[in-house]
Amino acid sequence: MPIVAKLDEYGKGAWLAFAVLGFIIFWPLGLATLVFLFWSGRMGHGCGPARYEHRMNRLQDKMERLRERMGGAQPWGRGGFGGGWGRGASSGNRAFDEYRDETLRRLEDEQREFHDFLGRLRMAKDKAEFDQFMNTRRPSNGTDTVESA
């Protein structure tokens, strides 16, 4: 559905405007829009890792589109001369170029560390859920293991 993707790109304001417009044109259309918004979770106050991960994925998609528009799909100009974010092209000021390169390297390191942190967070959550599941399946220690003599 291209209209859903387009409205998602613009955010909640676009969805609300679409719902109001639907009520003005034909009230069942507005009502159906509101039901869809709440059913799909687009208007919920949801928080937590799933919503955060969804937002991070959307941000990552936007960054990829921006990279493609800037002339290279490869990040930080690794795609060749002058491609990407412009690390290959000089500004004419060596001090600024060194500062820019160091800042980009630092940001790449922070991004890598952040992705590692998210991976560890997901692993810890999965392990806690698995341990909880296994604890519910294990027999209790006091009743099942004692035999009468």
Side-chain angles (χ1 to χ4, degrees), residues 1-140:
M1 286 192 249
I3 187 78
V4 172
K6 195 66 168 172
L7 288 174
D8 278 342
E9 187 175 317
Y10 288 121
K12 285 184 181 181
W15 278 108
L16 288 175
F18 186 75
V20 168
L21 190 62
F23 274 111
I24 291 172
I25 294 174
F26 185 59
W27 71 266
L29 179 64
L31 185 62
T33 302
L34 285 179
V35 168
F36 173 74
L37 289 176
F38 286 109
W39 173 76
S40 67
R42 285 177 169 79
M43 296 307 264
H45 296 290
C47 57
R51 182 160 175 86
Y52 182 74
E53 188 172 345
H54 171 69
R55 285 185 165 197
M56 288 301 293
N57 288 337
R58 272 186 46 202
L59 179 62
Q60 202 71 319
D61 292 342
K62 287 180 181 180
M63 290 298 290
E64 289 298 322
R65 285 194 303 258
L66 181 63
R67 286 182 188 133
E68 288 172 8
R69 271 191 250 147
M70 291 188 71
Q74 304 246 340
W76 315 119
R78 291 186 192 135
F81 177 73
W85 292 97
R87 182 182 275 183
S90 173
S91 68
N93 185 333
R94 249 180 45 192
F96 174 75
D97 290 342
E98 289 174 6
Y99 167 77
R100 180 187 61 201
D101 290 343
E102 178 59 33
T103 302
L104 291 175
R105 268 192 300 277
R106 183 177 50 82
L107 288 172
E108 287 172 346
D109 291 342
E110 287 179 12
Q111 182 182 21
R112 193 171 22 261
E113 289 172 8
F114 181 69
H115 283 292
D116 292 343
F117 169 75
L118 284 180
R120 289 191 309 270
L121 193 64
R122 283 188 208 108
M123 182 64 175
K125 179 183 173 223
D126 291 346
K127 182 174 178 358
E129 288 174 352
F130 178 74
D131 289 344
Q132 182 182 7
F133 170 75
M134 290 304 291
N135 286 337
T136 60
R137 293 186 45 96
R138 287 187 187 137
S140 60

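Evaluation of the side chain to side chain contact (heavy atoms under 4.5 Å, CB included) rule for R112 yields D109, D116 as partners, not counting sequence neighbours. Among residues two or more places apart in sequence or in another chain, the salt bridge (charged side-chain N to carboxylate O under 4.0 Å, His left out) test is passed with R137 by none. Every salt bridge (charged side-chain N to carboxylate O under 4.0 Å, His left out) that R122 has, sequence neighbours left out, goes to E53. Under the side-chain hydrogen bond (donor to acceptor under 3.5 Å, both in side chains) criterion, D126 pairs with no residue at all, not counting sequence neighbours. When the side-chain hydrogen bond (donor to acceptor under 3.5 Å, both in side chains) test is applied to R106, the partners found at least two apart in sequence or on another chain are E110. For E102, the salt bridge (charged side-chain N to carboxylate O under 4.0 Å, His left out) partners two or more places apart in sequence, or in a different chain, are R105.
Rounding to the nearest 0.5 Å places CE of M63 at 8.0 Å from CD of Q111. With values rounded to the nearest 0.5 angstrom, E108 atom CD is found 11.0 Å from T103 atom OG1. Here L29 contributes atom CG and I24 contributes atom CD1; the two are 11.0 Å apart, rounded to the nearest 0.5 Å.
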Decide salt bridge (Lys or Arg N to Asp or Glu O under 4.0 Å) for R100 and D97; before the verdict, give the C-alpha distance in whole Å, the side-chain angles of both, and the deciding distance to 0.1 Å.
-> CA-CA 5 Å; R100 180 187 61 201; D97 290 342; 3.4 Å; yes
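K127 places a side-chain heavy atom less than 4.5 Å from the side chain of D131.
Within a 6.0 Å sphere centred on CD of E129, other residues, nucleotides and ligands contribute more than 12 heavy atoms.
Under a 4.0 Å N-O distance rule, the pair E68/R65 does not qualify as a salt bridge.
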